[in-house]
Protein chains: 2
Amino acid sequence: MLDKGVPAPKPTRIQAAKRAQILKAALAVFSIAGYRAATLDRIAEEAGLSKASLLYYFAGKEAVYVAVLEDTLAFWLEPLAALDPDGDPLEEIGRYITTKLEMSKKRPAASRLFANEILAGAPAIGRFLEGPLKDLVDRQTAVISGWIDEGRLAPVDPRHLLMMIWAVTQHYADFDTQVQAVLGPGAARKRFSVARETVLSVLLEGLKPRG
Amino acid sequence: MLDKGVPAPKPTRIQAAKRAQILKAALAVFSIAGYRAATLDRIAEEAGLSKASLLYYFAGKEAVYVAVLEDTLAFWLEPLAALDPDGDPLEEIGRYITTKLEMSKKRPAASRLFANEILAGAPAIGRFLEGPLKDLVDRQTAVISGWIDEGRLAPVDPRHLLMMIWAVTQHYADFDTQVQAVLGPGAARKRFSVARETVLSVLLEGLKPRG
DNA sequence: GGAAAACTTGACTAAATGGTCAAATTACAC
DNA sequence: GTGTAATTTGACCATTTAGTCAAGTTTTCC
């Protein structure tokens, strides 16, 4: 997005490797601390190089941040694009919920990174939200609306349905501290499997076409 | 909690007024920026006094932050404590959801303040989560479990049910930027009323006792 | 093996920011 | 009104941190 100068010189093997290394470290640090509290020194340490060296690969703190966001966005939205219009509605939505919960479990840093960014008012990805994200949501809500029109799903607002699913699934990544505190040390271990059962049970039952 | 020295001298009328004024400004600033990005200069400006003056009323940045959190916590949890064991389960839960959504609409700063704090790992209120909050949740999940045992509610894990409700309702405060971007300028105006309909419809239907 | 390019970093600068303090101003009790 | 306590703040200090740079080291390519 805002990488190289004009003619985009080919990146060396070392550049690719180091940039990936830095992005991994940056995700870890930004997702825990947020943009402002994260420091380049901390990211450099996590990536195993000096701050000056880090700044040889990225133009500045903001450039690192934007790169991490872009690097993670596509991955995070992938499952939504995978909704199959020809599949069974409840199965498709159930699979989407399961996948999103699995992602919250395995890649909580990605979810927290976005949570921090959106909470701060989405200064870096505001355009993305209004553009590509809205487009994807428009497309997939059309699929859901189709299912509703065919009477295979309860009639609810498809956009807000998606938001409910995002809210519930990402909650287990973003607010894990609270989840674990409230569940207590015993139940915290199984939190993701019980969450899956509960969420699937309530949402799928609530979405069944009404007699 | 960590206010005065030993004998707790009586606060003047001016002190009470100024502290309230500062807390209001601090909520606005902390909730948007998070702890680290918020500056005392910004809070002082918002409160209409100098930074030095602000520090006459509070021991330091952290003291202001803790005071704001404490000031907001009880208010935020109030509706949960109001669940009536003798009421109709679906009505009680529906009222809880409606109240929480209403709070997200009217006091989004409070929700965002907690979201930032929990995302950062709850450094300031970790003890509160494990203590008073967990106790309240334990008490109210017992109420819900009672309803389930009586067959008046679908059998779901009551703790995760509460988390679903928190997730969905607070989402509309914490992620409002995303919500508005995805809904588009037209639908954003009515977002809270459509959210209420959708959330109530899906969750209450999903919680009806199963035949 | 040598030169050029790519890479690395310690030392530095400038800006932001939490916090201190002494001096000035205001509020209040009598 | 006068004196004391409460309040206010400009000026200042110390620390943190993003970003620069020149001087070195390593890699690459012939």
Side-chain angles (χ1 to χ4, degrees), chain A residues 2-26 28-30 32-69 116 120 123-124, chain B residues 2-26 28-30 32-69 116 120 123-124:
Chain A
L2 38 85
D3 239 9
K4 294 297 173 173
V6 180
K10 57 192 173 181
T12 41
R13 196 158 302 173
I14 291 183
Q15 274 172 10
K18 281 291 164 75
R19 282 180 64 100
Q21 196 176 322
I22 291 168
L23 288 180
K24 185 180 172 186
V29 175
F30 279 129
I32 288 173
Y35 180 77
R36 190 60 177 275
T39 71
L40 289 181
D41 276 312
R42 182 79 191 76
I43 296 173
E45 187 193 350
E46 189 86 7
L49 35 67
S50 69
K51 178 175 67 174
S53 200
L54 187 157
L55 286 167
Y56 173 75
Y57 291 102
F58 288 91
K61 186 181 182 182
E62 196 177 328
V64 180
Y65 182 64
V66 171
V68 176
L69 279 172
N116 268 309
Chain B
L2 38 86
D3 240 8
K4 293 297 173 175
V6 179
K10 59 192 171 180
T12 0
R13 194 158 305 175
I14 291 182
Q15 273 171 10
K18 281 290 163 78
R19 281 180 64 101
Q21 195 176 323
I22 291 167
L23 288 180
K24 185 179 172 187
V29 175
F30 279 129
I32 287 173
Y35 179 77
R36 190 62 176 276
T39 71
L40 290 180
D41 277 311
R42 183 77 190 77
I43 296 172
E45 188 193 349
E46 188 87 8
L49 34 67
S50 68
K51 178 176 66 174
S53 199
L54 188 159
L55 287 167
Y56 173 76
Y57 291 102
F58 288 92
K61 186 181 181 182
E62 196 178 325
V64 179
Y65 182 64
V66 171
V68 176
L69 278 172
N116 268 308

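A, B, ... follow the sequence lines: proteins, then strands. Residue 1 opens every chain. Values reported hereafter were calculated over all heavy atoms of this structure, with side chains retained and with hydrogens, waters and symmetry mates removed.
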Does a side-chain N or O from [X] land closer than 4.0 Å to OP1 or OP2 of [N], or not?
X	N	answer
B/Lys18	D/dT8	yes
A/Tyr56	C/dC7	yes
B/Tyr57	D/dT8	yes
A/Arg36	C/dT17	yes
A/Ser53	C/dC7	no

May I have the distance from [X] (atom [atom1]) to [N] (atom [atom2]), rounded to whole angstrom?
X	N	atom1	atom2	result
A/Asp41	D/dT15	CG	C1'	13 Å
B/Leu55	D/dA11	CG	P	18 Å
B/Glu45	C/dG18	CD	P	13 Å
B/Ile22	D/dT9	CD1	P	11 Å
A/Gln21	C/dC7	CD	C1'	13 Å
A/Leu54	C/dG10	CG	P	14 Å
A/Lys61	D/dA18	NZ	P	5 Å
B/Arg42	C/dA16	CZ	P	15 Å

Original post:
Given side chains that start at C-beta, do those of A/Leu23 and A/Phe58 come closer than 4.5 Å, heavy atoms only?
Top reply: yes
Check the angle between the aromatic planes of B/Tyr65 and B/Phe30 and answer parallel, tilted or perpendicular using the 30° and 60° thresholds.
-> perpendicular
To the nearest 0.5 Å, how far apart are [atom1] in [X] and [atom2] in [Y]?
X	Y	atom1	atom2	value
A/Lys61	A/Lys51	NZ	NZ	10.5 Å
A/Thr39	A/Glu45	OG1	CD	8.5 Å
A/Glu62	A/Leu69	CD	CG	10.5 Å
B/Gln21	B/Leu54	CD	CG	10.0 Å
B/Tyr56	B/Leu49	OH	CG	12.5 Å

Protein N or O to nucleotides 23-25 of chain D N or O, pairs below 3.5 Å:
none

Can you pull every protein N or O that's under 3.5 Å from an N or O on nucleotides 12-15 of chain C?
none

Quick note, B/Leu40 side chain, CB onward, closest among C/dT9, C/dG19, D/dA18 is C/dG19
In short, B/Ile43 meets B/Ile22 closest at the heavy-atom pair CG2-O, 4.2 Å
Between A/Ala33 and A/Ala38, the two heavy atoms sitting closest are CB-N, 3.8 Å
- Query: Base, sugar-phosphate, or nothing: which does A/Ala37 touch, judged by heavy atoms less than 4.0 Å apart?
  - Reply: nothing
When all nucleic acid strands are considered with a 4.0 Å heavy-atom cut-off, which category describes B/Ala44: base, sugar-phosphate, or nothing?
nothing
For nucleotides 21-23 of chain C, give me every protein contact, N/O to N/O, under 3.5 Å, one pair per line with atom names.
none

